[in-house]
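This structure is a prediction, so every number in the text was calculated from the model and none was measured.
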Amino acid sequence: MRTVLIVLFDGVQSLDVTGPLEVFAGAETYRGGSYEIRTASLDGGRVRSSSGLVLVPDRALADAPEPHTLLVPGGSGTRRPDPGLIAWLRDQGPRAGRLVSVCTGAALLAAAGLLDGRRATTHWAHCERLARDHPAVTVDPDPIYVRDGNVSTSAGVTSGIDLALALVEEDLGRDAALTIARHLVVFLRRPGNQAQFSAQLAAQTARREPLREVQRWISEHPGDDLSVESLAVRAALSPRHFARAFRTETGMTPGRYVERVRLEHARRLLEDTADGIEEVSRASGYGTPEAMRRAFVKLLGSAPAEYRRRFRPAATA
């Protein structure tokens with residue numbers, strides 16, 4: 001029996017609480033005796049979430065059992081946390097078997113000194129602040145979750161579900177996590193180093209129509225020649241002017257944008273079709289299976305065949 005203790009406080013993001021909670025509750029239904037889930041606030045009193053939903057905890061933090069997994073959600077209440085909550089985390093956090101944060105819950109762990117010397121992430125909009133306020137923490141703004149030893153931090157709301165599924169898979173195996181994912185109608189499971197945004201969302205939309213048209217063209221034709229020279233012709237600019245303007249208006253270089261689009265296209269083909277690896281690599285603009293393999297290993301940490309093995313069953317079940 002693994003005790004999961006979820007910390008509640010005024011201004012907590014309700015989905016940061018209920019998303020992971022439903023995953024662990026589903027695991028307990030799948031295999032009874034796996035998890036004991038408890039919620040606690042500093043004084044044991046009810047709290048109001050950032051959306052106005054009132055949550056009633058099981059007990060006060062001082063009376064909570066020493067947890068196997070201590071989960072700290074995010075929300076507006078992390079901006080000016082109760083000093084007593086930070087003191088409790090500083091004292092009790094190191095005793096937990098696993099420390100987990102969702103979204104801006106990472107700020108509470110950092111304030112308690114529990115992320116010092118570690119790599120961590122949080123919601124993309126708060127990464128810069130987390131890094132500025134806690135220079136001892138290595139903040140990675142890209143992935144949906146980061147695992148560093150027994151400490152795991154995740155990005156926005158739905159990534160807390162991804163992380164919880166990863167923890168259940170670690171505890172109970174893939175079949176358990178897959179069953180829960182199917183029940184919740186989510187994929188099992190996005191890899192932690194998957195970017196928080198698709199390329200189209202991560203990049204700003206260019207102000208000028210020629211550059212917006214280039215962005216659309218890249219997304220619709222990942223297998224074409226997408227060199228700076230070719231794209232510059234489409235935008236009716238010199239290569240140097242195009243590269244500079246694209247980066248200024250979108251926030252990333254043309255090469256990085258193309259890299260993300262091609263990766264996303266290849267992932268979708270691997271998840272949703274039975275096309276062979278060689279066919280996928282050509283359609284996605286990589287040219288050869290080896291070039292696609294290098295890109296997958298670099299950006300996702302797994303080869304295309306392994307990626308398909310993990311994700312196609314959940315998508316086609």
*Donor-acceptor under 3.5 Å (Thr122 side chain, Ser154 main chain)*: no
- Any side-chain heavy atom of Asp171 within less than 4.5 Å of one from Arg98? yes
Requested in this report: Please confirm whether the backbone N or O of Gly45 pairs with a side-chain atom of Ser41, one donor and one acceptor, at under 3.5 Å?
Outcome: yes
message: Is it the case that the side chain of Ser159 and the backbone of Asp162 share a donor-acceptor pair, with hydrogens and angles ignored and the cut-off at 3.5 Å?
response: no
Ion pair check, Glu264 and Arg260, cut-off under 4.0 Å: no
CZ (Arg118) and CG (Asn150) are apart, to the nearest 0.5 Å, by 5.5 Å
- Just do the salt bridge (Lys or Arg N to Asp or Glu O under 4.0 Å) check on Arg282 and Glu279 with the steps written out, would you? CA-CA 5 Å; Arg282 287 199 306 270; Glu279 187 176 356; 5.6 Å; no
Note: Glu259-Arg256 ion pair, threshold 4.0 Å (strictly below): no
* Test side-chain contact (heavy atoms from CB on, under 4.5 Å) applied to Ser219 and Val261, step by step -> CA-CA 6 Å; Ser219 298; Val261 167; 4.2 Å; yes
Taking every heavy atom of Ala266 against every heavy atom of Met292, the minimum-distance pair comes out as CB-SD, 3.9 Å
Residues pairing under ring-ring contact (aromatic ring centres under 6.0 Å, His included) where one sits in residues 265-305, two or more places apart or in two chains, turn out to be Phe296-Tyr307
Point to revise | Check: Glu28 side chain, Ser34 main-chain N or O, donor-acceptor pair, under 3.5 Å | key: yes
| query | Can you check whether Leu211 reaches Thr250 side chain to side chain, under 4.5 Å on heavy atoms? | reply | no
Applying salt bridge (charged side-chain N to carboxylate O under 4.0 Å, His left out) to Arg31 and not counting sequence neighbours gives none
Point to revise | Crowding at CZ, Arg46 (>12 non-hydrogen neighbours, <6.0 Å) | key: no
| message | Taking the basic N atoms (NZ, or NE/NH1/NH2) and the acidic carboxylate oxygens, is any pair closer than 4.0 Å for Arg308 and Glu306? | response | no
In short, Ala283 meets Pro222 closest at the heavy-atom pair O-CG, 3.9 Å
Rounded to the nearest 0.5 Å, the NE2 atom of His68 sits from the CG atom of Leu167 at a distance of 9.0 Å
d(Arg207 CZ, Glu249 CD) to nearest 0.5 Å is 4.0 Å
On a heavy-atom basis, the closest approach of Asp116 and Ala136 is OD1-CB, 3.6 Å
>> Counting C-beta onward and ignoring hydrogens, is there a side-chain heavy-atom pair between Leu269 and Ser284 closer than 4.5 Å?
In response: yes
For residues 57-66, which side-chain donor-acceptor pairs fall under 3.5 Å, sequence neighbours excluded?
from, atom 1, to, atom 2, distance (Å)
Asp58, OD2, Thr39, N, 2.8
Asp58, OD2, Thr39, OG1, 3.4

Walk me through whether Leu163 and Val102 qualify under side-chain contact (heavy atoms from CB on, under 4.5 Å). CA-CA 9 Å; Leu163 177 52; Val102 181; 5.8 Å; no
Residue pair Ile161 / Glu22, side-chain heavy-atom distance below 4.5 Å:
no
Nearest heavy-atom approach of Ile277 to Pro304 is CD1-CB, 4.0 Å
Query - Lys/Arg-Asp/Glu bridge criterion (N-O < 4.0 Å) met for Glu290, Arg293 - result: yes
**Report entry** Side-chain (Ser230) to main-chain (Leu226) donor-acceptor, under 3.5 angstrom
**Finding:** no
For residues 25-58, the ring-ring contact (aromatic ring centres under 6.0 Å, His included) pairs (sequence neighbours left out) are Phe24-Tyr35
Distance col, row Ile86:CD1 vs Leu108:CG, nearest 0.5 angstrom, shows 5.0 Å
Would you indicate whether Arg216, at its atom CZ, is surrounded by more than 12 heavy atoms from other residues, nucleotides or ligands within a distance under 6.0 Å? yes
CD (Glu213) and CD1 (Ile218) are apart, to the nearest 0.5 Å, by 10.0 Å
I'd like a table of donor-acceptor pairs (distance under 3.5 Å, sequence neighbours excluded) in which one partner is a side-chain atom from residues 2-15, with atom names and distances.
from, atom 1, to, atom 2, distance (Å)
Asp10, OD1, Arg48, N, 3.0
Gln13, OE1, Leu15, N, 3.3

Residues Thr121 and Pro143: closest non-hydrogen pair is OG1-O, 3.6 Å
Checklist entry - Is the closest basic N to carboxylate O distance between Asp148 and Arg119 below 4.0 Å? => result no
Report the C-alpha distance between Val72 and Val100 in whole Å, list the side-chain angles of each, state the deciding distance to 0.1 Å, and finish with yes or no for side-chain contact (heavy atoms from CB on, under 4.5 Å). CA-CA 6 Å; Val72 181; Val100 177; over 6 Å; no
Under the side-chain contact (heavy atoms from CB on, under 4.5 Å) criterion, do Leu263 and Leu300 qualify, and how do the steps go? CA-CA 9 Å; Leu263 182 73; Leu300 294 179; 4.2 Å; yes
**Close side-chain approach of Phe242 and Val228, heavy atoms under 4.5 Å** = yes
Closest heavy-atom pair, Phe246 versus Gln215, reported as atoms and distance to 0.1 Å, is CE1-CG, 3.9 Å
Original post:
Is Arg147 paired with Glu170 through a side-chain N to carboxylate O contact shorter than 4.0 Å?
Top reply: yes
- Should we say atom CD of Glu128 is surrounded by more than 12 heavy atoms from elsewhere, each under 6.0 Å from it? no
- Do Leu53 and Val47 belong together in a cluster built from hydrophobic side chains that touch within less than 4.5 Å? yes
Close side-chain approach of Asp224 and Trp217, heavy atoms under 4.5 Å
yes
For Ser51, the side chain to side chain donor-acceptor pair (under 3.5 Å) test, sequence neighbours excluded, returns Ser49
**Asked** Under 4.5 Å between any side-chain heavy atoms of Leu99 and Leu114, yes or no?
**Response** yes
Any Leu130 side-chain heavy atom under 4.5 Å of His134 side chain: yes
Without swapping roles, check the side chain of Asp16 against the backbone of Gly74 for a donor-acceptor pair under 3.5 Å. yes
Output for pair (Thr138 OG1, Leu115 CG), nearest 0.5 Å, gives 10.0 Å
Task: More than 12 heavy atoms of other groups within 6.0 Å of Arg247 CZ - done: no
